[in-house]
Amino acid sequence: MVEWTDFERATIQDIFSKMDYESVGHHALARCLVVYPWTQRYFGNFGNLYNAAAIMGNPMVAAHGAVVLHGLGKAVKNMDNIKETYAELSVLHSEKLHVDPDNFRLLADCLTIVVASRLGTSFTAEVQAAFQKFLAVAASALRRQYH
Ligand code: HNI
């Protein structure tokens with residue numbers, strides 16, 4: 001089981017409690033689709049992803065970004081049991097969506113960048129370390145049902 005320090009727990013909970021899931025999710029997913037264009041292949045039914053402006057303005061990207069963030073919010077509420085919390089979601093991404101698990105890391109990096117830009121100077125190195133640890137644990141739980 002993952003061990004969390006009091007600082008890590010408090011930091012993760014603080015970041016998510018103040019987060020605008022809709023906006024942060026939207027920007028993080030849009031960034032991922034622009035910066036790593038091969039991730040667009042999973043969203044063939046989302047319509048126009050032609051360029052950065054189209055991606056940002058696509059309402060399905062906005063909606064799905066929020067879904068992903070709410071998914072992460074579930075892990076925040078279950079920090080001691082992220083594996084179990086994500087068991088079904090892992091099966092879905094593996095067996096149904098066939099998402100290459102390397103992409104979890106790419107989306108996590110885009111999310112880190114969006115959160116860093118929102119938090120400004122309060123996103124210290126220690127806060128970043130806690131945040132990235134959390135995302136790494138979430139990504140590893142999402143990878144668990146791949147075989
Ligand atoms: Ni992901 C659906 C959570 C990363 C592609 N994804 C979901 C759903 C949640 C979710 C929640 C909705 C499930 C349902 O309907 O029951 N995804 C997460 C989380 C991460 C993540 C927490 C990592 C932080 N997903 C990714 C990545 C990709 C991805 C990196 C591809 C690049 N996800 C999808 C696709 C769907 C999806 C595709 C289905 C979308 C749809 O509605 O058609």
Side-chain angles (χ1 to χ4, degrees), residues 1-4 8-119 123 125-147:
M1 201 179 85
V2 180
E3 302 282 340
W4 302 102
E8 286 166 346
R9 264 179 215 282
T11 301
I12 304 306
Q13 273 152 14
D14 186 53
I15 290 175
F16 277 87
S17 71
K18 293 176 183 149
M19 183 165 337
D20 177 345
Y21 281 28
E22 270 62 31
S23 171
V24 170
H26 175 197
H27 283 83
L29 180 59
R31 211 171 250 275
C32 184
L33 294 169
V34 173
V35 178
Y36 310 109
W38 58 89
T39 59
Q40 294 173 18
R41 70 193 295 269
Y42 303 106
F43 302 98
N45 61 334
F46 274 24
N48 186 359
L49 301 174
Y50 184 65
N51 56 26
I55 289 169
M56 262 318 286
N58 184 316
M60 291 181 83
V61 172
H64 190 62
V67 167
V68 170
L69 256 270
H70 285 282
L72 282 173
K74 240 174 146 183
V76 175
K77 290 200 193 89
N78 295 282
M79 280 180 71
D80 292 315
N81 199 9
I82 296 180
K83 268 187 222 160
E84 272 302 307
T85 306
Y86 276 175
E88 257 180 55
L89 207 51
S90 177
V91 172
L92 179 82
H93 283 80
S94 160
E95 290 174 18
K96 186 155 173 245
L97 301 170
H98 306 294
V99 170
D100 180 336
D102 287 353
N103 292 317
F104 298 139
R105 173 83 190 272
L106 303 179
L107 181 57
D109 286 351
C110 289
L111 181 57
T112 301
I113 287 165
V114 173
V115 168
S117 74
R118 302 278 165 110
L119 294 187
F123 196 73
E126 286 154 305
V127 170
Q128 178 179 349
F131 190 64
Q132 289 195 192
K133 174 174 168 182
F134 170 74
L135 294 179
V137 171
S140 141
L142 280 173
R143 261 198 314 267
R144 255 179 83 80
Q145 304 298 324
Y146 281 70
H147 42 78

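No experiment lies behind these values; they were computed from the predicted model shown. As the structure lists them, so they are numbered: ligands from 1, and atoms in each ligand from 1.
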Which part of Leu106 is near ligand 1, with near meaning a heavy atom under 4.0 Å away: side chain, backbone, both or neither? neither

Taking Asp14 for the side chain and Ala10 for the main chain, is one N or O donor matched with an acceptor at less than 3.5 Å? no

Sub-4.0 Å protein heavy atom next to atom 1 (Ni) of ligand 1: yes

Side chain, backbone, both or neither: the part of Asn103 lying under 4.0 Å from ligand 1 by heavy atom: both

Please classify the Leu111 to ligand 1 contact at 4.0 Å (heavy-atom distances, strictly less than): side chain, backbone, both or neither. neither

Options Met60, His98, His64, ranked by nearest heavy atom to atom 42 (O) of ligand 1, top entry: His64

To check your reading of the model: name the closest protein heavy atom to atom 28 (C) of ligand 1, its residue, and the distance in Å. Val99 CG1, 3.8 Å

Which word best sums up how the rings of Phe131 and Phe123 line up, parallel for under 30°, tilted for 30 to 60°, or perpendicular for over 60°? perpendicular

Give the residue, atom name and distance (to 0.1 Å) of the protein heavy atom nearest atom 41 (C) of ligand 1. Phe46 CE1, 4.3 Å

closest protein heavy atom to atom 5 (C) of ligand 1 is Phe43 CZ, 3.5 Å

Verify, without hydrogens or angle tests, whether Tyr86 (side chain) and Gly71 (backbone) share a donor-acceptor contact under 3.5 angstrom. yes

With respect to atom 20 (C) of ligand 1, which of Leu69, Leu135, Leu142 exhibits the smallest heavy-atom separation? Leu142

Are any N, O or S atoms from His93 nearer to atom 1 (Ni) of ligand 1 than 2.8 Å? yes

How are the rings of Phe134 and Trp4 set to each other: parallel, tilted or perpendicular (split at 30° and 60°)? tilted

The closest protein heavy-atom partner of atom 32 (C) of ligand 1 is Tyr42 CD1, 3.6 Å

May I ask you to identify the nearest protein heavy atom to atom 39 (C) of ligand 1, giving residue, atom name and distance to one decimal place in Å? Leu97 CD2, 3.7 Å

Do side-chain atoms of His26 reach the backbone of Met56 as a donor and acceptor pair under 3.5 angstrom? yes

Please check if the side chain of Ser94 supplies one atom and the backbone of Ser90 the other of a donor-acceptor pair under 3.5 Å. no

Starting from atom 19 (C) of ligand 1, locate the nearest protein heavy atom and write down its residue, its atom name and how far away it is, to 0.1 Å. Val68 CG1, 3.7 Å

How close do Ala54 and Asn48 get, heavy atom to heavy atom, and via which atoms? CB-OD1, 3.5 Å

Of all protein heavy atoms, the one nearest atom 14 (C) of ligand 1 is Leu92 CD2, 4.0 Å

Regarding Arg105 and Asp100, does a basic nitrogen lie under 4.0 Å from an acidic carboxylate oxygen? no

Identity and separation of the nearest protein heavy atom to atom 43 (O) of ligand 1: Asn45 ND2, 3.8 Å

Are any non-hydrogen side-chain atoms of Val115 and Met19 less than 4.5 angstrom apart? yes

Which of the atoms in ligand 1, numbered in the order shown and given with their element, are less than 4.0 Å from a heavy-atom of Val67? 8 (C), 9 (C), 11 (C), 12 (C)

Keeping Thr39 on the side-chain end and Tyr36 on the backbone end, is there a donor-acceptor pair under 3.5 Å? yes

